[in-house]
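Positions are given from 1, in the same order as the sequence printed here. Both ligands and their constituent atoms are indexed starting at 1 by order of listing.
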Amino acid sequence: MLAYLNGQFLPRSAATISVEDRGFIFGDGVYEVWRVVNGQLFETERHLDRLKFGLAELRITAPDITRTDFLRQIAERLLTESDLLEGEATLYVEVTRGGAPRTHNFPPPGTPPTVYVTVNRFKPPEELRARGAAAITIPDIRWLRCDIKTLQLLPNVLAKQAAMEVGATEAWMIRDGVVTEGSHASVIGVIDGVIRTHPTNNLILPGITRSVVLDIARRAGIPVREDAFTEQDIPRLEEAFLAGTTTDVMPIVRVNEQVIGNGTPGPITTRLHTAFRAHLDASCAAGHAQPTTA
Ligand code: PDD
């Protein structure tokens, strides 16, 4: 597998960074993950906008990779040389504040950010989707800027591990009694026929899949309320699902010991997954038809 690191293409095993990189020392950076279908990135601009927002919030100068044409060029070469132009893949971009002797304050002006890009083969978890997945609940111990997609993912790592250790797929994080989101996906529920999910503020990542799925639901006439449900509401959930780049729409059929609905993927969830999948395929196919700006 090929990687891009600071202007160079090289085998991933040969890509190395300084031990003084602030990503390594402080988790001082941001990342993005794109879904790729047949060589085309899904929602290129929305992910780039979120990356630029995170960089601006952290006051890291936006590198070239935040430009659409530059990103497309890098993506095309990585996907081509990694034999990923057909089928599904993910593209990962990470930007850190760069390498400099360890000080908590920023490094000297002009310290170049570290830019790392890689691609991976992706296989959507269809078997799990058909049966539906289980989730646990866990306290949301994260900081108050969860809207920035930073590299500091320790609470998310511990949450996902706790889920895996009891055979569940995701951990729903609870802050002040409210379900915020999963370790790496948005959480969406259905109560009284209404889609409910945490509003986009500083307590969750503004998920791009979340946004696309809510648009699809509204267009289909399904009522949507961007109003979080609570831990106490969990027994009232008629349906629940995760939304994320690597999960698409994933039905949740059990939370802790609570069975959701009748314990199988619900009708709204299934409908939204079908519509989302069609949208993903259609927009990536349309991307093929567009003249490349690279
Ligand atoms: N995670 N919430 C969190 C905390 C996430 O980390 C993610 C994505 C999402 C869903 O966002 P989107 O629909 O834009 O992918 C929500 C990525 C996939 C990851 O960390 O690998």
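Heavy-atom proximity to atom 9 (C) of ligand 1, evaluated over Ala185, Gly244, Pro155, Pro206, is greatest for Ala185.
Remark: Arg218 engages Asp215 in a salt bridge, criterion side-chain N to carboxylate O under 4.0 Å.
Atom 15 (O) of ligand 1 has Thr245 OG1, 2.5 Å as its closest protein atom, hydrogens excluded (heavy atom only). For atom 19 (C) of ligand 1, the closest non-hydrogen atom of the protein is Tyr31 OH, 3.6 Å. Protein heavy atom closest to atom 11 (O) of ligand 1, with residue, atom name and distance, is Gly207 CA, 3.5 Å. In this structure, atom 13 (O) of ligand 1 lies nearest to the protein heavy atom Thr209 OG1, 2.6 Å.
Annotation: ring-ring contact (aromatic ring centres under 6.0 Å, His included) contacts of Tyr92 (sequence neighbours excluded): Tyr31.
Atom-to-atom distance recorded for Lys160:NZ and Leu153:CG is 13.0 Å, nearest 0.5 angstrom.
Side-chain N/O atoms of Thr200 and Glu226 include no donor and acceptor closer than 3.5 Å. Side-chain polar atoms of Thr269 and Glu239 form a donor-acceptor pair below 3.5 angstrom.
Screening Arg46, Arg50, Lys52 for a salt bridge (charged side-chain N to carboxylate O under 4.0 Å, His left out) involving Glu32 leaves a single residue, Arg50.
Here Ser183 has backbone heavy atoms under 4.0 Å from ligand 1, and that is the only part of it that gets that close. Counting heavy atoms under 4.0 Å from ligand 1, residue Val33 touches it through the side chain alone.
Not close to ligand 1: Arg46, with no non-hydrogen atom less than 4.0 angstrom away.
Near Glu181, with a cut-off below 4.0 Å to any heavy atom, the atoms of ligand 1 are 2 (N), 3 (C), 4 (C), 16 (C). Under a 4.0 Å criterion applied to the non-hydrogen atoms of Ile208, ligand 1 contributes the atoms 12 (P), 13 (O), 14 (O). Contact atoms of ligand 1 toward Ser186: 16 (C) (distance under 4.0 Å to a heavy atom of the residue). Taking every non-hydrogen atom of Gly182 and a distance limit under 4.0 Å, the qualifying atoms of ligand 1 come out as 4 (C).
The list of side-chain hydrogen bond (donor to acceptor under 3.5 Å, both in side chains) pairs with a residue in residues 122-133, not counting sequence neighbours, reads Glu126-Arg129, Arg129-Asp248, Arg129-His273.
Under the 4.5 Å side-chain criterion, counting only non-hydrogen atoms from C-beta, Glu238 is not in contact with Ile268. Side-chain contact between Ile222 and Leu272 is present, with at least one heavy-atom pair separated by less than 4.5 Å.
Among the atoms of Lys149, some N or O lies under 3.5 angstrom from an N or O of ligand 1. The N/O atoms of His47, backbone and side chain alike, include none that comes under 3.5 Å of an N/O atom in ligand 1.
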